[in-house]
Undergrad: 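Sharing a structure with you now.
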Amino acid sequence: MRRFLLLLLLPIITEKAAAQSSDQSMRSLIKDNLQFAASQYQLLFRNTPDTMMPRFFDPAKNKMESSDTKWWCSGFFPGTLLYIYEYTRDTAILRLAEKKLSILEKEKHFTGNHDLGFMMFCSFGNAYRLTGNPAYKEAVMTAAGSLATRYRPAIQSIQSWNGGGRLHCPVIIDNMMNLELLYWVSDQGGDPKYREIALTHSNSTMERHFRPDNSSYHVLDYDLSTGKIIQKITWQGAADSSAWARGQAWGLYGFTMMYRFSKNKAYLEQARKIAQYLLNHPNLPADKIPYWDFHAPGIPGTYRDASAAAIIASALLELAQYVKKAERKQLLAAAETMLRSLASPAYRSAPGENAGFLIKHNVGSLPHKSEVDVSLTYADYYFIEALLRYQKWYSGK
Ligand code: GLY
């Protein structure tokens, strides 16, 4: 009888033991990578001029470049320092973040493009969450007002970039990411119109940006006088009809985040459909680090974009919280594979390498031959965010 019972329970016991050992190895992966990030990011800080932010490191040219605070990525470096502080509670790291926040703060008035969410929420949003300093909240509130100036009622969307050249009024899928700033500010007692803008923009994106297979166009270019779409094109992808990897990642993250705030089931369904498109794509490699475009010419002999994997992993960890058990298991397994790949020597810098950046093999814009196969701040930011999310939501649970 005892033997029979043991035989019956064996699969459950084995599954439990495997889960425990995987959890333990993820816990040590998280610890190792956060400790590594703490020393590596102090090096990156030392390598960056006081008035600038790190932008990329190109290993082929052994060259690091910095940017001014108007660059769309200016929030990621302080944001990552803040995540490292959240884990380590090392006030020396907080001081470094504060130094960079002080040069970034003026951009709360910036209205030159749609990137205020990336710039001000990843930085000041995290700073306020971790310190409760009201000055940081004020910076986020002001930034929401600046971003809202780009809302165009004629197209029920926020205009991403200014027109020029072949573009008239472009709205890009990436723009979903900036809505977190708007929704948060309304939820915190700011003007409710920011929430309305975030919802309206999401609805327009859901209706117009996606193809029947649930991949998305990168750029929708509008005629503001008629409200009509002139062209559906790409900017950073391989072709107008292709699935630029990071664009798909922004869509996945953006709709998952909008579901978190609004509890609108349509956003959840959109995020689930994007996740299935990505995870079942025949061109997603076994290590789950996407090529820079799912339809890039030359696959498998072309570049990966590790930043897309970092964003997707972080988004999947959140999405997994909102779905049923079997799907949760699938999403978590994929996110875990991505994190293990990113943390491996194939994608993660060795100590002291790459000027202090963490993640290698990212692509900014291949069609523009800009930032190809380099280290980039947003890959680091979403990698660290995903590790913290894993620890907070899944480790030991
Ligand atoms: N515009 C953000 C990106 O390049 O992904």
Side-chain angles (χ1 to χ4, degrees), residues 53-56 58 65 67-77 79-80 107 110 112-123 147 150 157-165 167 169-181 201 205 209 215-221 233-238 240 242-257 274 278 289-294 296 303-315 357 359 361-383 385-386:
M53 296 291 183
R55 178 170 163 178
F56 68 81
D58 185 342
E65 204 156 287
S67 72
D68 66 20
T69 51
K70 286 207 170 8
W71 180 238
W72 73 275
C73 303
S74 56
F76 294 123
F77 184 53
T80 307
E107 305 306 348
F110 181 66
N113 61 41
H114 70 147
D115 287 317
L116 264 280
F118 286 123
M119 294 156 71
M120 300 303 288
F121 201 69
C122 298
S123 53
L147 177 56
R150 297 190 66 84
S157 303
I158 297 166
Q159 179 168 0
S160 296
W161 305 321
N162 300 333
L167 297 177
C169 174
V171 178
I172 67 175
I173 186 72
D174 322 26
N175 208 336
M176 285 301 299
M177 298 297 286
N178 295 306
L179 307 180
E180 188 167 8
L181 165 74
H201 183 98
T205 304
H209 251 90
S215 66
S216 55
Y217 289 98
H218 185 199
V219 184
L220 263 51
D221 190 28
I233 57 173
T234 195
W235 198 252
Q236 281 150 273
D240 293 345
S242 74
W244 174 51
R246 202 163 53 256
Q248 314 313 304
W250 293 141
L252 174 68
Y253 194 118
F255 279 99
T256 305
M257 172 273 294
I274 301 170
L278 295 173
I289 309 294
Y291 295 98
W292 67 277
D293 190 302
F294 280 85
Y303 301 104
R304 305 292 189 93
D305 180 14
S307 77
I311 299 157
I312 293 168
S314 189
F357 284 88
I359 298 295
H361 303 308
N362 309 286
V363 174
S365 180
L366 196 127
H368 301 95
K369 296 188 172 56
S370 168
E371 302 172 352
V372 177
D373 203 20
V374 299
S375 289
L376 290 162
T377 50
Y378 43 97
D380 293 0
Y381 177 87
Y382 290 101
F383 173 60
E385 179 182 88

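Just follow the structure's listing: the first ligand is 1, and inside any ligand the first atom is 1.
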Undergrad: For Trp244, which part has a heavy atom under 4.0 Å from ligand 1: side chain, backbone, both, or neither?
TA: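 Trp244 to ligand 1: side-chain contact only, backbone stays beyond 4.0 Å.
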Undergrad: Would you mind running through ligand 1 and noting each atom that sits below 4.0 Å from a heavy atom of Asp174?
TA: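 Those atoms are 1 (N), 2 (C), 3 (C), 5 (O).
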Undergrad: N/O to N/O below 3.5 Å, does that happen between Asp115 and ligand 1?
TA: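 Between Asp115 and ligand 1 (N or O atoms, distance only) the closest approach is not under 3.5 Å.
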Undergrad: Any nitrogen or oxygen of Gln236, main chain or side chain, under 3.5 Å from a nitrogen or oxygen of ligand 1?
TA: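 It does: an N or O of Gln236 is found under 3.5 Å from an N or O of ligand 1.
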Undergrad: Taking a cutoff of less than 4.0 Å between a non-hydrogen atom of the residue and any ligand atom, is Trp250 in contact with ligand 1?
TA: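 Distance cut 4.0 Å: Trp250 passes for ligand 1.
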Undergrad: Centres of the Tyr303 and Trp292 rings: under 6.0 Å?
TA: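 Aromatic pair excluded; centres sit 6.0 Å or further apart.
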Undergrad: Rounded to the nearest 0.5 Å, what separates atom OH in Tyr253 from atom CD1 in Ile311?
TA: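 If I round to the nearest 0.5 Å, the distance is 9.0 Å.
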Undergrad: Can you tell me the protein heavy atom closest to atom 5 (O) of ligand 1 and the distance?
TA: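 Protein heavy atom at minimum distance: Arg246 NE, 2.6 Å.
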Undergrad: Just by distance, with hydrogens left out, do Asp293 and Ser242 show a side-chain donor and acceptor under 3.5 Å apart?
TA: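 The criterion, which ignores hydrogens and geometry beyond distance, is satisfied for Ser242 and Asp293.
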Undergrad: Looking just at side-chain N and O atoms, do His218 and Asp174 make a donor-acceptor pair shorter than 3.5 Å?
TA: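 Short answer, yes.
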Undergrad: Determine whether Phe56 and Trp71 satisfy the following criterion, ring-ring contact (aromatic ring centres under 6.0 Å, His included), listing intermediate values before the conclusion.
TA: CA-CA 12 Å; Phe56 68 81; Trp71 180 238; 9.2 Å; no
